[in-house]
Amino acid sequence: MSRVRPVPGGRAVEVEPERIEGWIARFADRHGAAEIRVTEAEVEITANDGATATFPTRGGTSVLEVIEKLAEPRRIGLVLVRLGGHSIGVAFGGKVEVSTTDRKQVHGRIRAGGWSQQRFARRREGQARVALQAAADDVARVLVPRLAELDSVVLGGDWQALDVLRNDRRLSDVFSKAEARVLDVPEPRRAVLDEAAQRARCVEIVIQDTRATGRESGRMDTGEGA
């Protein structure tokens with residue numbers, strides 16, 4: 001599972017809240033003395049070499065207050081879905097409080113042509129439909145009644161599968177609380193949900209480097225040594 005995802009012009013990395021202050025210091029050391037600006041929505045750090053890093057404030061008005069806010073435990077809904085499997089839960093402070101996990105058989109694709117391929121494709125579509133319906137039903141059962149308790153929802157798994165659930169009217173309020181990130185996870189199981197609960201408490205920092213910085217570093221700048 002990757003803790004780095006590409007974003008337009010750069011990448012986003014996951015950093016534990018308690019490591020944010022150290023991360024900022026290493027970012028400044030690496031890229032040159034940094035200017036920090038706190039707006040209503042985000043903290044924006046701009047370094048001498050043009051690299052920037054941004055992350056949410058969650059209501060803080062100064063850097064120290066933001067760091068304190070980011071470290072506060074939150075109750076997060078988790079929706080992990082891949083074709084044929086899903087794991088849904090609620091976590092507080094990185095620990096899963098309630099969950100459900102299920103797996104449905106969905107056959108892989110075949111390359112054979114003709115009538116047999118068409119019959120197989122129809123069967124696969126039917127299996128996928130059943131699997132995603134089961135996932136949507138579990139989200140409705142586990143998360144919808146607890147929406148008022150949730151600070152946010154973190155998604156994970158396959159984008160196409162999640163888009164199917166997103167179109168379910170019962171789940172519109174769930175997805176309205178969803179964060180922009182989608183965790184890269186393997187086939188959802190309870191152990192995968194537990195790890196996702198830990199990752200969900202992390203702060204996602206969006207890094208955008210200058211082109212020159214990328215050449216000089218010789219590697220992807222993912223965590224500033226964090």
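All heavy atoms count here, side chains included; hydrogens, waters and symmetry mates do not.
- A chain of hydrophobic side-chain contacts below 4.5 Å, direct or via other Ile, Leu, Val, Met, Phe, Trp or Tyr residues, connects Leu171 to Val98.
- Distance check: Glu72 CD to Asp151 CG gives 9.5 Å after rounding to the nearest 0.5 Å.
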In residues 140-149, what donor-acceptor pairs under 3.5 Å come from side-chain atoms, sequence neighbours left out?
residue	atom	partner	partner atom	Å
Arg141	NH2	Thr100	OG1	3.3
Arg141	NH2	Asp138	OD1	3.0
Arg146	NH1	Val142	O	2.7

Arg5 and Glu14: CA distance, side-chain angles, deciding distance, salt bridge (Lys or Arg N to Asp or Glu O under 4.0 Å) verdict: CA-CA 9 Å; Arg5 70 181 182 93; Glu14 299 170 15; over 6 Å; no
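- Note: Trp23 and Phe27 have parallel aromatic rings, judged against thresholds of 30 and 60 degrees for the angle between ring planes.
- Of the inter-residue distances, the one linking Thr57 atom OG1 with Leu70 atom CG reads 8.0 Å to the nearest 0.5 angstrom.
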Criterion side chain to side chain contact (heavy atoms under 4.5 Å, CB included) on Leu132 and Leu83, from CA distance to verdict: CA-CA 7 Å; Leu132 293 175; Leu83 194 58; 4.3 Å; yes
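- Neither Phe92 nor Val96 shares a network with the other; the hydrophobic side chains, linked directly or stepwise wherever heavy atoms of I, L, V, M, F, W or Y lie under 4.5 Å apart, form separate groups for each.
- Taking a cutoff of 4.0 Å between a charged side-chain nitrogen and a carboxylate oxygen, Asp137 and Arg170 qualify as a salt bridge.
- Ion pairing between Asp194 and Arg190 holds under the 4.0 Å rule for side-chain N and carboxylate O.
- Side chain of Glu65 to main chain of Thr61: a donor-acceptor pair is present (N/O by atom type, distance under 3.5 Å, no hydrogens or angles).
- Side-chain contact between Ile20 and Val15 is present, with heavy atoms from C-beta onward closer than 4.5 Å.
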Audit row: Gln198, Lys95, side chain to side chain contact (heavy atoms under 4.5 Å, CB included) steps and yes/no: CA-CA 7 Å; Gln198 288 289 331; Lys95 302 292 184 182; 4.2 Å; yes
Would Leu80 and Ile88 count as a side chain to side chain contact (heavy atoms under 4.5 Å, CB included) if you check the C-alpha gap in whole Å, the side-chain angles of each, and the deciding distance to 0.1 Å? CA-CA 6 Å; Leu80 310 182; Ile88 315 300; over 6 Å; no
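- Taking the side chain as every heavy atom from C-beta outward, Val81 and Trp159 never approach each other to under 4.5 Å.
- A donor-acceptor pair under 3.5 Å is absent between the side-chain atoms of Glu21 and the main chain of Leu64, judged by distance alone.
- Remark: Arg189 engages Glu187 in a salt bridge, criterion side-chain N to carboxylate O under 4.0 Å.
- Between Arg74 and Glu179 there is a salt bridge, since at least one side-chain N of the basic residue sits less than 4.0 Å from a carboxylate O of the acidic one.
- Residues Val139 and Val174 meet the side-chain proximity criterion, which asks for heavy atoms closer than 4.5 Å.
- Taking hydrophobic clusters as Ile, Leu, Val, Met, Phe, Trp and Tyr residues chained together by side-chain heavy-atom distances below 4.5 Å, Ile45 shares a cluster with Ile205.
- Between Cys202 and Arg3 the shortest side-chain heavy-atom distance falls below 4.5 Å.
- Between the side chain of Arg103 and the backbone N or O of Pro188, no donor-acceptor pair lies under 3.5 Å.
- Across every non-hydrogen atom of Ser99 and Leu193, the tightest pair is CB-CD2, 3.4 Å.
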For Arg75 and Glu97, run salt bridge (Lys or Arg N to Asp or Glu O under 4.0 Å): C-alpha distance rounded to whole Å, both residues' side-chain angles, the deciding distance at 0.1 Å, then the answer. CA-CA 9 Å; Arg75 183 162 281 107; Glu97 297 179 319; 2.9 Å; yes
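- Between Val185 and Gly157 the shortest heavy-atom distance is CG2-N, 3.5 Å.
- Using a 4.0 Å cut-off between charged nitrogen and carboxylate oxygen, Arg166 and Asp163 count as a salt-bridge pair.
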CA sep, side-chain torsions, deciding dist, call: Arg11, Asp209, side chain to side chain contact (heavy atoms under 4.5 Å, CB included): CA-CA 9 Å; Arg11 70 206 66 85; Asp209 293 329; 3.1 Å; yes
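- A donor-acceptor pair under 3.5 Å links the side-chain atoms of Lys177 to the main chain of Leu150, judged by distance alone.
- Nearest approach of Pro8 to Gln208, heavy atoms of both residues: O-NE2, 3.0 Å.
- Considering all non-hydrogen atoms of both residues, Val7 and Ala12 come closest at CG1-CB, 4.0 Å.
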Side-chain donor-acceptor pairs under 3.5 Å in residues 32-43, sequence neighbours left out?
residue	atom	partner	partner atom	Å
Arg37	NH2	Glu44	OE1	3.2
Thr39	OG1	Ala41	N	3.3
Thr39	OG1	Glu42	N	3.1
Thr39	OG1	Glu42	O	3.0

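- A distance of 6.5 Å separates CZ of Arg199 from CD of Glu195, quoted to the nearest 0.5 Å.
- For the pair Ala136 and Asp168, the tightest heavy-atom approach, listed with the atom from each and the gap, is CB-OD2, 3.6 Å.
- The structure places CD of Gln160 at 13.0 Å from CG of Leu165, a figure rounded to the nearest 0.5 Å.
- Looking at every heavy atom in both residues, Val203 comes nearest to Phe55 through CG1-CB, 3.8 Å.
- If you chain together hydrophobic residues whose side chains sit under 4.5 Å apart, Leu183 and Val206 never meet in one group.
- Between Arg201 and Glu18 there is a side-chain heavy-atom pair separated by less than 4.5 Å.
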